[in-house]
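Beneath this line is the structure, given in structure tokens, with notes to follow.
Order of the sequence lines fixes the chain letters, A, B, ..., with proteins taken first and strands second; residue numbering starts at 1 for each chain. Side-chain atoms are counted along with the backbone in the values below, which use heavy atoms only and exclude waters and symmetry mates.
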There are 2 protein chains.
Amino acid sequence: MHFENLIKAIKERREMLQVTQETLSDLSGVGLRTLKQFERGKGNPTAQTLSKIADALGMELTFHVKKTHND
Amino acid sequence: MHFENLIKAIKERREMLQVTQETLSDLSGVGLRTLKQFERGKGNPTAQTLSKIADALGMELTFHVKKTHND
DNA sequence: CATAAAAGTGCTTTAAAAAGCACTTTTATG
DNA sequence: CATAAAAGTGCTTTTTAAAGCACTTTTATG
């Protein structure tokens with residue numbers, strides 16, 4: 001799996017806001033267990049779960065074309 | 001649910017590349033049924049599914065702080 | 001308007017995400 | 001180094017994502 005970037009972004013944002021996993025769980029409506037697993041790199045959250053977390057943290061989940069050298 | 005933006009991005013990218021759902025299914029390793037459901041706005045794909053699709057389309061899934069007016 | 005390709009759907013099985021509980025471990029802080 | 005808060009884990013149940021199959025509908029194209 002390779003969405004460490006997502007994990008990192010969320011974790012950093014959460015810590016920057018000084019919010020605990022438990023509070024984020026409450027704010028987002030995502031189960032504490034799910035949140036913990038996700039931040040640990042275990043599991044494979046659904047788009048809905050990612051979306052709820054993003055919302056609670058004032059973030060956004062986007063898809064964009066990857067920049068390469070030869071385009 | 002509100003990740004229509006993700007759906008739109010993928011669909012547009014796929015069509016721009018002139019790739020069928022079936023081909024994208026093959027390229028990405030995501031089941032055809034899953035792909036179809038996703039593009040229809042049904043379902044709730046996992047991060048892994050999103051990631052596979054993104055890879056096949058030369059795209060990237062990212063989390064970023066939402067820009068607001070007052071920040 | 002025939003027809004072929006692409007897209008969409010109903011059904012089913014299997015795998016695993018989500019959730020909560022009770023517990024342990026790690027990490028600050030005095 | 002006590003201790004309290006936060007983070008992490010094993011186990012379980014329920015829900016649902018993923019997948020394939022067979023089929024229908026929609027959409028180009030001649």
*Does C:dA19 have OP1 or OP2 sitting under 4.0 Å from an N or O in the side chain of A:T34?*
yes
*Does B:T46 put a side-chain nitrogen or oxygen below 4.0 Å from OP1 or OP2 of C:dA16?*
no
_Name the residue from B:N44, B:L35, B:V30 that meets the side chain to side chain contact (heavy atoms under 4.5 Å, CB included) definition with B:T49._
B:V30
Base-pairing assignment for [N] (Watson-Crick or G-U wobble, both under 3.5 Å):
N      : result
C:dA15 : D:dT16
D:dT29 : C:dA2
C:dG10 : D:dC21

Ion pair check, [X] and [Y], cut-off under 4.0 Å:
X     : Y     : result
A:K8  : A:E12 : yes
B:E39 : B:R14 : yes
A:K11 : A:E15 : no

Nucleotide [N], atom [atom2] - distance to [atom1] of [X] in whole Å:
X     : N      : atom1 : atom2 : result
A:E15 : D:dA7  : CD    : C1'   : 11 Å
A:K52 : C:dA18 : NZ    : P     : 9 Å
A:F38 : C:dA17 : CZ    : C1'   : 13 Å

*Do B:R33 and C:dG10 share a donor-acceptor pair, side chain to base, under 3.5 Å?*
yes
*Among the nucleotides C:dA18, C:dA7, D:dA19, which one has an atom lying closest to any side-chain atom of B:K36?*
C:dA7
*Between D:dT9, C:dG8, D:dA17, which nucleotide gets closest to the side-chain atoms of B:Q21?*
C:dG8
*Touch check for A:R40, heavy atoms < 4.0 angstrom, all strands: base, sugar-phosphate only, or nothing?*
sugar-phosphate
